[in-house]
Structures are given as C-alpha cells and as structure tokens.
Amino acid sequence: MSRHTPVMTVMVAAVRKAARGLQRDFGEVENLQVSMKGPGDFVSAADKKAEKVLFEELSKARPGYGFLMEESGVVEGADKSHRWIIDPLDGTTNFLHGIPHFAISLGLERDGQMVAGVIYNPVTDELYLAEKGQGAFLNDRRLRVSARRDITQCVIGCGIPHIGRPGHEEFITEERAVMLNCSGVRRMGAASLDLAYVAAGRFDGFWERALAPWDMAAGIVLVREAGGTVSNAQGGDDILGSGSIMAGNEMIHAQLGKVLKAARNAA
Ligand code: IPD
Ligand code: CA
Ligand code: CA
C-alpha cells in the first residue's frame with residue numbers, strides 16, 4: 001500500500017524495528033543449532049526482546065492504548081477502546097529449529113473489533129498488512145483470497161494441538177475427513193502466517209483449535225480484507241474468545257465447515 005494511514009505507519013515501523021533483532025537472533029540460532037548447548041533459552045530471550053521493542057514503540061506512538069501480549073500479558077491503558085494484541089514470535093518451534101517460517105503478529109482492536117493487522121516474516125521479507133475498509137496487502141501487492149469453488153481441489157492449512165492437549169482427538173477426527181475431501185493438507189507451524197496465506201490465496205482454507213488471541217488477531221483482518229470469510233471452527237462469530245478459527249473464501253469456508261461438522265457428528 002503506497003499510502004499508509006497514520007496508525008498503519010506506526011504499526012509497520014514498530015514491527016520492522018522488532019524484526020531486526022529477531023532476524024539477527026535467527027541467524028544466531030542457526031549457529032547454535034550445531035552446538036550441543038541448544039538454542040532454547042536463547043529463543044525465549046529473543047521472543048521477549050522483540051515484545052519489548054513492540055511495547056516501547058507502540059506506547060510512544062499511541063500513549064494510552066492497552067496491550068494484550070503473549071509474554072507480558074495484559075497492560076491496561078487509559079484509552080479503553082483500543083488494544084494492541086501481540087505475538088512477538090509466532091512459529092517458535094520453527095525458529096528454534098532454524099526453519100525460516102515465523103512471524104511477528106500485531107493486531108489492533110477497537111471497541112472489541114479487530115480493525116488492523118500486520119504480520120511480518122523477516123526472513124522472507126514478506127510484510128502482510130490490512131486495515132478495515134482499506135484492503136489487504138503483501139508488501140505492495142493487493143491480496144485476494146483464492147477463487148476455488150470446490151473443496152476437493154483445495155489446499156487446506158491446519159494446526160495440530162499436541163497429543164494429550166485439549167482438542168487433539170477432535171483434530172485427528174477432523175483431519176481425516178478434510179484429507180478425504182481436499183487435494184492437500186499443510187501444517188506450517190505459525191498460525192498468523194497460515195491466515196496470511198489464506199488472505200494471499202496460497203491456502204484455500206485453514207482451521208485450527210486451541211489458539212490464543214495473539215495467534216489470530218492480525219490474521220482475522222487480513223482474511224476479511226482479502227475478501228474471505230472467517231469464523232470460529234464451529235462457524236460462530238466469537239473467534240478470539242473461542243480459541244478456534246476457520247477461514248477461506250465464502251464457499252470453501254462453508255464447505256470446510258460442513259466437512260468438519262460431519263466428522264465431529266460421526267465420531
Ligand atoms: C504457535 C503457532 C502454531 C500453532 C500453535 C501456536 P507460538 O504459536 O502459531 O502454528 O499451532 O498452537 O501456539 O507458540 O509459536 O507463538
Ligand atoms: Ca503464537
Ligand atoms: Ca509466540
């Protein structure tokens with residue numbers, strides 16, 4: 001987008017600044033990978049550092065806005081209608097393993113509604129952004145969800161709740177059904193980028209459960225502004241509160257919903 005709104009300018013600047021550290025640290029992880037020490041603690045420090053940069057930059061630019069952050073939790077602001085929702089490093093497992101598929105995810109909520117989102121993968125330099133009513137973009141290119149009309153021709157992204165965690169068995173049931181009804185399933189490991197991929201038409205659809213608000217906040221705006229439909233995994237409106245999400249173009253979203261529901265009912 002050549003003309004960013006003032007708030008989008010603030011968001012992009014904060015994300016790019018935090019990303020510089022993350023990218024440096026990712027280079028370091030690749031080195032630590034081969035040492036016996038392992039990069040675990042290093043990664044959690046990288047994560048916190050990125051969040052701190054975001055917090056400082058956003059507090060400076062918009063004093064009073066509240067925060068919901070993965071690492072530091074809730075910071076109330078004087079302005080009760082605005083809240084930043086932040087995942088400073090989405091795709092931690094990928095980052096830890098030297099897999100260049102992770103992102104910073106920054107969403108802005110206004111009066112309980114997601115109104116802007118930025119998702120940035122510093123390794124590929126892919127910056128996804130969207131603001132309500134302004135469209136969705138990847139770098140300077142306008143995004144549109146895929147136009148496929150039949151789920152059997154679709155690539156569907158998903159996330160797998162760990163074995164033993166809530167939602168795991170339900171996922172296995174659902175995934176079997178989706179695999180039988182589409183042309184490919186992907187588990188990439190960063191929910192924010194999964195949603196950005198739906199917005200970019202790379203994935204035709206996506207669903208996942210047991211997510212946190214910061215995994216989804218920015219991606220919701222991206223998908224909607226790219227002309228897609230997004231709901232919780234049951235098809236309902238409460239996404240952030242439910243912790244589940246389902247996205248696609250209007251037709252694929254509906255077909256995916258049907259496949260998931262039939263699988264659950266048959267289980
Ligand atoms: C995780 C990623 C992953 C999803 C997990 C999330 P994190 O976030 O988004 O794709 O399946 O449930 O927790 O821990 O890497 O920020
Ligand atoms: Ca996350
Ligand atoms: Ca994270």
Side-chain angles (χ1 to χ4, degrees), residues 14-15 18-19 21-23 25-26 29 39-55 67-74 84-107 114 117-124 126 128 155-172 174-175 178 185-199 202-203 205-223 230 232-233 239-247 260:
V15 165
L22 215 52
Q23 192 167 10
D25 290 339
F26 183 65
V29 164
D41 295 348
F42 182 80
V43 170
S44 85
D47 207 332
K48 293 198 176 78
K49 245 185 338 194
E51 189 169 279
K52 189 160 175 273
V53 172
L54 288 162
F55 178 73
F67 286 83
L68 173 62
M69 297 172 281
E70 182 176 18
E71 303 302 326
S72 325
V74 172
W84 302 112
I85 304 184
I86 297 177
D87 190 339
L89 170 55
D90 186 41
T92 318
T93 306
N94 286 342
F95 189 96
L96 189 61
H97 287 255
I99 299 170
H101 189 79
F102 57 87
I104 292 175
S105 178
L106 167 63
M114 292 312 306
V118 173
I119 297 169
Y120 182 49
N121 178 345
V123 182
T124 58
E126 288 186 315
Y128 300 86
V155 168
I156 306 290
C158 66
I160 311 174
H162 268 294
I163 192 159
R165 294 264 180 85
H168 179 79
E169 293 305 328
E170 196 172 24
F171 169 79
I172 297 294
E174 289 179 341
E175 197 197 22
V178 173
V185 170
R186 298 288 181 273
R187 197 296 189 244
M188 306 285 280
S192 61
L193 287 173
D194 290 330
L195 289 164
Y197 275 31
V198 172
R202 294 175 177 174
F203 284 170
F206 169 67
W207 93 105
E208 184 164 1
R209 289 168 193 289
L211 288 173
W214 44 80
D215 298 316
M216 306 182 280
I220 292 169
V221 193
L222 252 308
V223 173
V230 52
N232 65 33
I239 302 170
L240 296 189
S242 73
S244 78
I245 196 157
M246 176 167 69
L260 297 178

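Note that ligands are numbered from 1 as they come in the structure, with each ligand's atoms numbered from 1 the same way. What you see is a predicted model, and the numbers here were worked out from it, not measured in a lab.
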Exercise for the section: Among the N/O/S atoms of Asp90, select the one at the shortest distance from the Ca ion (ligand 2) and name it. Expected result: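 Restricting Asp90 to its N, O and S atoms, the minimum distance to the Ca ion (ligand 2) goes to OD1.
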For [atom], which protein heavy atom lies nearest, and how many Å away is it?
atom: atom 2 (C) of ligand 1; result: Asp90 OD1, 3.3 Å
atom: atom 14 (O) of ligand 1; result: Thr92 OG1, 3.6 Å
atom: atom 13 (O) of ligand 1; result: Asp215 OD2, 4.1 Å

For [X], is at least one N or O under 3.5 Å away from an N or O on ligand 1?
X: Gly189; value: yes
X: Ala190; value: yes
X: Glu208; value: yes
X: Gly91; value: yes
X: Leu89; value: yes

[X] and [Y]: which non-hydrogen atoms are nearest, and at how many Å?
X: Pro100; Y: Thr124; answer: O-CG2, 4.4 Å
X: Phe206; Y: Gly159; answer: CE1-N, 4.1 Å
X: Leu195; Y: Ile220; answer: CD1-N, 4.4 Å
X: Leu54; Y: Ile86; answer: CD1-CG2, 3.6 Å

Problem - Lys49 atom NZ, neighbour heavy-atom count above 12 within 6.0 Å - result: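 Count over threshold, so yes.
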Problem - Arg165 atom CZ, over 12 foreign heavy atoms within 6.0 Å - result: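 Not more than 12 within 6.0 Å, no.
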As an exercise, identify every atom of ligand 1 less than 4.0 angstrom from a heavy atom of [X].
X: Asp87; answer: 16 (O)
X: Arg187; answer: 3 (C), 10 (O), 11 (O)
X: Ala191; answer: 2 (C), 9 (O), 10 (O)

Problem - ligand 1 versus His162: contacting region, heavy-atom distance under 4.0 Å - result: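 Near ligand 1, His162 shows nothing, with every heavy atom at 4.0 Å or more.
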Exercise for the section: Heavy-atom distances under 4.0 Å are what count here, so tell me which part of Leu211 touches ligand 1: side chain, backbone, both or neither. Expected result: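 Side chain only.
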Exercise for the section: Would you give the angle at the Ca ion (ligand 2) between Asp87 atom OD2 and Asp215 atom OD1, to the nearest 10°? Expected result: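 OD2 of Asp87 and OD1 of Asp215 make an angle of 100° at the Ca ion (ligand 2), to the nearest 10°.
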How many angstroms lie between [atom1] in [X] and [atom2] in [Y], if you round to the nearest 0.5 Å?
X: Trp214; Y: Leu240; atom1: CH2; atom2: CG; result: 11.0 Å
X: Asp87; Y: Met216; atom1: CG; atom2: CE; result: 11.0 Å
X: Asn232; Y: Arg209; atom1: CG; atom2: CZ; result: 8.5 Å

Exercise for the section: If the plane angle is over 60° it's perpendicular, under 30° parallel, otherwise tilted; pick one for Phe95 and Phe26. Expected result: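 Judged by the thresholds at 30° and 60°, the geometry between Phe95 and Phe26 is tilted.
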Handout entry: Closest Glu70 atom to the Ca ion (ligand 3) [N, O or S only]
Key =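 When I compare the N, O and S atoms of Glu70, OE1 is nearest to the Ca ion (ligand 3).
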Practice task
Check whether any heavy atom of Glu70 sits under 4.0 Å from an atom of ligand 1.
Solution key: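 The answer is yes: ligand 1 sits under 4.0 Å from a heavy atom of Glu70.
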Practice task
Check whether any N, O or S atom of Pro88, backbone or side chain, sits closer than 3.0 Å to the Ca ion (ligand 3).
Solution key: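 Of the N, O and S atoms in Pro88, none lies under 3.0 Å from the Ca ion (ligand 3), which means no.
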Problem - Pair Phe55 and Phe67, ring centroids less than 6.0 Å apart - result: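 Ring centroids of Phe55 and Phe67 are less than 6.0 Å from each other.
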